[in-house]
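We use all heavy atoms of the structure for the numbers below, so side chains are in, but hydrogens, waters and symmetry mates are not. Here the structure is a predicted model, which is why all the values come from computation and not from measurement.
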Amino acid sequence: GIYGQLGGKCESGYIKGNFEVYYTKGFTWNADLFADRINCRPVAERVAGKYISLSGTLDGKIEVQGRTTEILGCQGELDLATPGVFEIKSMDGLLKRLPPNTSIMKRDLLKIAIGTFQTYPYQRGVLKIDYKPDGGTGLLKLDSPNGQRHLEMYWHPYETSGVANEADNR
């Protein structure tokens with residue numbers, strides 16, 4: 001097989017790693033990546049920018065296993081070692097979707113509740129990932145003087161319908 005190392009600047013920090021590509025049927029491979037003070041805002045924007053925003057820095061390790069261009073698994077733990085802000089963008093439109101006859105008091109209370117969950121400044125945090133194509137999990141744990149946020153994420157693969165498969169076969 002082929003064995004190598006890599007390293008370089010990445011989003012104002014540094015990333016280094018090891019990789020192995022095997023001369024087996026399907027060309028399986030493994031990679032270990034080590035992050036050091038990587039700015040997580042651009043990374044979060046590329047991965048989930050439609051839904052969230054996350055600032056701060058990332059330190060930690062990610063292990064990825066694959067075959068040719070397919071990722072078979074990804075596990076890792078990244079520390080959010082510097083203060084930052086977590087924001088759930090997808091909550092922006094909730095107030096706009098309230099019925100027109102919703103009272104001002106209910107709107108104000110809902111605005112306060114949404115604001116509590118939508119934007120969360122933190123001092124430290126951790127992101128744990130365990131991905132497989134057939135399902136995976138993630139845990140984002142953030143600590144601040146005001147309390148903690150623990151967000152569990154679950155990956156469920158997208159299933160195509162028979163109609164899409166028929167269209168692809170034409």
Side-chain angles (χ1 to χ4, degrees), residues 4-20 29-66 70-98 102 104-158:
Q5 295 181 323
L6 57 95
K9 292 182 180 182
C10 178
E11 303 300 351
S12 304
Y14 195 81
I15 192 163
K16 63 182 178 174
N18 307 304
F19 64 89
E20 305 162 335
W29 53 269
N30 297 312
D32 297 321
L33 302 171
F34 304 91
D36 183 28
R37 297 182 195 176
I38 293 177
N39 177 358
C40 65
R41 184 181 299 276
V43 175
E45 184 63 33
R46 283 187 206 108
V47 173
K50 181 177 176 182
Y51 307 103
I52 67 159
S53 173
L54 182 66
S55 65
T57 59
L58 298 170
D59 295 307
K61 179 181 177 183
I62 299 274
E63 300 170 2
V64 184
Q65 304 81 37
E70 180 184 7
I71 294 177
L72 301 175
C74 178
Q75 305 79 34
E77 185 170 322
L78 298 167
D79 290 322
L80 297 155
T82 60
V85 177
F86 173 71
E87 180 182 2
I88 303 173
K89 294 179 181 180
S90 56
M91 295 181 94
D92 286 340
L94 286 178
L95 288 174
K96 295 175 188 171
R97 293 194 304 246
L98 287 175
T102 304
I104 293 173
M105 187 168 91
K106 283 184 180 179
R107 283 184 187 276
D108 288 346
L109 288 172
L110 189 55
K111 187 175 182 178
I112 292 167
I114 289 171
T116 301
F117 288 104
Q118 185 175 22
T119 303
Y120 188 73
Y122 67 89
Q123 299 304 114
R124 291 191 56 85
V126 66
L127 173 63
K128 295 181 182 182
I129 302 166
D130 186 10
Y131 165 84
K132 293 175 187 61
D134 61 348
T137 60
L139 172 67
L140 178 61
K141 185 175 162 184
L142 302 172
D143 298 321
S144 83
N146 299 328
Q148 296 181 329
R149 293 286 189 270
H150 292 234
L151 301 164
E152 294 181 19
M153 299 158 273
Y154 298 92
W155 162 256
H156 299 285
Y158 175 76

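- Here the closest heavy-atom approach between residue Ile52 and residue Lys89 is recorded as O-CE, 3.7 Å.
- Residues Lys141 and Arg149 fail the side-chain proximity criterion, which asks for heavy atoms closer than 4.5 Å.
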Q | Val85/Ser53 under side-chain contact (heavy atoms from CB on, under 4.5 Å): CA gap, chis, key distance, verdict | A | CA-CA 8 Å; Val85 177; Ser53 173; over 6 Å; no
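- With hydrogens and angles ignored, the 3.5 Å screen pairs no side-chain donor or acceptor of Asp79 with any backbone N or O of Ala81.
- Of all non-hydrogen atoms in Gln75 and Tyr131, the two that sit nearest each other are NE2-O, 4.2 Å.
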Q) Between Leu33 and Leu6, is a side-chain contact (heavy atoms from CB on, under 4.5 Å) present by the stated rule, with each step listed? A) CA-CA 9 Å; Leu33 302 171; Leu6 57 95; 4.3 Å; yes
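- In this structure, CZ in Arg124 is found 9.0 Å from OG1 in Thr82, a value given to the nearest 0.5 Å.
- The line from CG of Asp59 to OG1 of Thr57 is 5.5 Å long, rounded to the nearest 0.5 Å.
- Nearest approach of Ile15 to Cys10, heavy atoms of both residues: CG2-CB, 3.8 Å.
- Taking each heavy atom of Leu140 and Met153 in turn, the nearest pair found is N-CE, 3.7 Å.
- Here the NZ atom belonging to Lys128 is positioned 11.5 Å from the CG atom belonging to Leu78, to the nearest 0.5 angstrom.
- Summarising the geometry, atom CD belonging to Glu20 is positioned 7.0 Å from atom CG belonging to Asp32; distances are rounded to the nearest 0.5 Å.
- Formation of a donor-acceptor pair under 3.5 Å by the Asp130 side chain with backbone atoms of Gly136 is not found in this model.
- Rounded to the nearest 0.5 angstrom, Glu45 CD and Glu11 CD are separated by 11.0 Å.
- Heavy-atom minimum distance, Gln148 versus Tyr120: N-OH, 3.4 Å.
- The neighbour count for Tyr51 OH, taken as heavy atoms of other residues, nucleotides or ligands under 6.0 Å away, does not exceed 12.
- Distance check: Ile71 CD1 to Trp29 CH2 gives 5.5 Å after rounding to the nearest 0.5 Å.
- The two residues Cys40 and Ser55 come nearest to each other via the heavy atoms SG-C, 3.5 Å.
- Defined by atom type and a distance below 3.5 Å, a donor-acceptor pair is missing between the side-chain atoms of Gln65 and Asn30.
- Here the side chains of Asp143 and Gln123 are not in contact, with every heavy-atom distance at 4.5 Å or above.
- You'll find the side chain of Leu80 stays beyond 4.5 Å of the side chain of Phe86, heavy atoms only.
- Within 6.0 Å of the CZ atom in Arg37, the count of heavy atoms belonging to other residues, nucleotides or ligands does not exceed 12.
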Q) Are Trp155 and Ile129 close enough, and set up right, to give a side-chain contact (heavy atoms from CB on, under 4.5 Å), and what steps lead you there? A) CA-CA 10 Å; Trp155 162 256; Ile129 302 166; over 6 Å; no
